[in-house]
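Keep in mind the model is a prediction, meaning the values are calculated, not measured. In listed order, ligands and their atoms are each counted from 1.
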Amino acid sequence: MGICSSKINEKTDPLNSQLSQIKESEFQYIDGRRFHNLKNVAYPLPNDDDEIDRLHFRHFLNRNIWKSNFSAPINHILTNPETKILDVGCGAASWSFDMATTYPLVNIIGIDISRQQATHIKPKNFTFFKANVLEGIPFNDNTFDYIFQRNLMRAYTEQDWPHVVNELVRILKPGGYLELMERSMLYNMGPATKRLCDAEIAAMNLAGTDPFACQKLEKYVQNQGFSFFINLYRL
Ligand SMILES: C[S@@+](CC[C@H](N)C(=O)[O-])C[C@H]1O[C@@H](n2cnc3c(N)ncnc32)[C@H](O)[C@@H]1O
């Protein structure tokens, strides 16, 4: 809602009309919410202030549940100024900003189809690039020591997943770590939660994305010749 009203102000203010035109093509507005405007991207969620709040909230919830921001054994690279870390589909960059602040020596890069991070609190060791993962990731082979991707199950179809993992492995250095974090659908739920869950599965099937991607991550990384560690948290 906040973003929507700022768009109206920009439109009525001629000084901001150029900015407004750029935003017009970058975003679309549906029922007062702001979304990306890319035709070939299935991702259905908004990217406005309310969504940014939700992503921050979920980040800190995750960190509290896991008592950490990562599961991979990467402590030894987190004090090395040569270390390059990639956050794929970084969104509001909650994870990236938290990591960049905690480990100020490493370089953290975030990519996303939409820029959603607050620029005024951006840590110096964080850089953002706008990129659509489904069009290939714009980095050379063997660039990153650690790649983190979380909550992208609404972004990829079942056919996309192997290509995405292949692309992530391409830009990961030999001996590097890839951490993929997706949630499983719920089991043993009550009737109201089941209705909600069934509706989400139906919406994902309609969009062509895979509600059960989480269970297939092991297969995707093993097909790339990786050793696989699994960490599960049962709510
Ligand atoms: C649910 S949010 C997760 C954000 C972040 N990873 C986190 O856990 O807080 C998913 C993000 O993926 C981005 N996204 C969706 N499809 C994408 C694509 N094809 N390439 C890059 N980013 C994408 C969206 O714009 C959104 O910011």
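- Selection from Arg54, Arg150, Arg154 by nearest heavy atom to atom 8 (O) of ligand 1 gives Arg150.
- When only non-hydrogen protein atoms are considered, atom 16 (N) of ligand 1 lies nearest to Ala155 CB, 3.3 Å.
- Every atom of ligand 1 with a heavy atom of Val133 under 4.0 Å away is listed here by number and element: 18 (C), 19 (N), 20 (N), 21 (C).
- In summary, of the residues considered (Phe97, Tyr103, Trp95), a ring-ring contact (aromatic ring centres under 6.0 Å, His included) with Phe126 occurs for Phe97 alone.
- Atom-to-atom distance recorded for Ile111:CD1 and Ile171:CD1 is 6.0 Å, nearest 0.5 angstrom.
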*Would you check, one step at a time, whether the test side chain to side chain contact (heavy atoms under 4.5 Å, CB included) holds for Leu168 with Leu180?*
CA-CA 10 Å; Leu168 298 178; Leu180 304 173; 4.0 Å; yes

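- Here Leu86 contributes atom CG and Thr143 contributes atom OG1; the two are 9.0 Å apart, rounded to the nearest 0.5 Å.
- Only backbone heavy atoms of Cys90 (N, CA, C or O) come within less than 4.0 Å of ligand 1; its side chain stays farther off.
- A 4.5 Å side-chain heavy-atom check between Met99 and Phe70 finds at least one atom pair inside the cut-off.
- A distance below 6.0 Å separates the ring centres of Phe139 and Phe129.
- Assignment of Asn47 to the shell around ligand 1 is not supported, since no heavy atom sits closer than 4.0 Å.
- Atom 2 (S) of ligand 1 has as its closest protein heavy atom Tyr43 OH, 3.3 Å.
- Each of Arg115, Lys130, Arg34 was checked for a salt bridge (charged side-chain N to carboxylate O under 4.0 Å, His left out) with Glu26, and the lone residue meeting it is Lys130.
- Below 3.5 Å of separation, one finds no N or O of Tyr156 facing any N or O of ligand 1.
- Among all protein heavy atoms, the one lying closest to atom 26 (C) of ligand 1 is Asp112 OD2, 3.5 Å.
- At the top of the distance list for atom 23 (C) of ligand 1, counting protein heavy atoms only, stands Ile113 CG1, 3.7 Å.
- Taking every non-hydrogen atom of Arg58 and a distance limit under 4.0 Å, the qualifying atoms of ligand 1 come out as 1 (C).
- Rounded to the nearest 0.5 angstrom, Leu152 CG and Thr209 OG1 are separated by 11.5 Å.
- Heavy atoms of Gln116 found under 4.0 angstrom from ligand 1 belong exclusively to the side chain.
- Atom 19 (N) of ligand 1 has its nearest heavy-atom neighbour, among Val88, Ile52, Asn132, in Asn132.
- Scanning the protein for heavy atoms near atom 5 (C) of ligand 1, the closest one is Gly89 O, 3.3 Å.
- The CG atom of Leu105 sits 11.0 Å away from the CD atom of Glu82 when rounded to the nearest 0.5 Å.
- Taking atom 12 (O) of ligand 1 as the reference point, the nearest protein heavy-atom neighbour is Leu152 CD1, 3.4 Å.
- Expressed to the nearest 0.5 Å, how far NE2 of His59 lies from CG of Asn64 amounts to 10.5 Å.
- Protein heavy atom closest to atom 21 (C) of ligand 1, with residue, atom name and distance, is Ala131 O, 3.3 Å.
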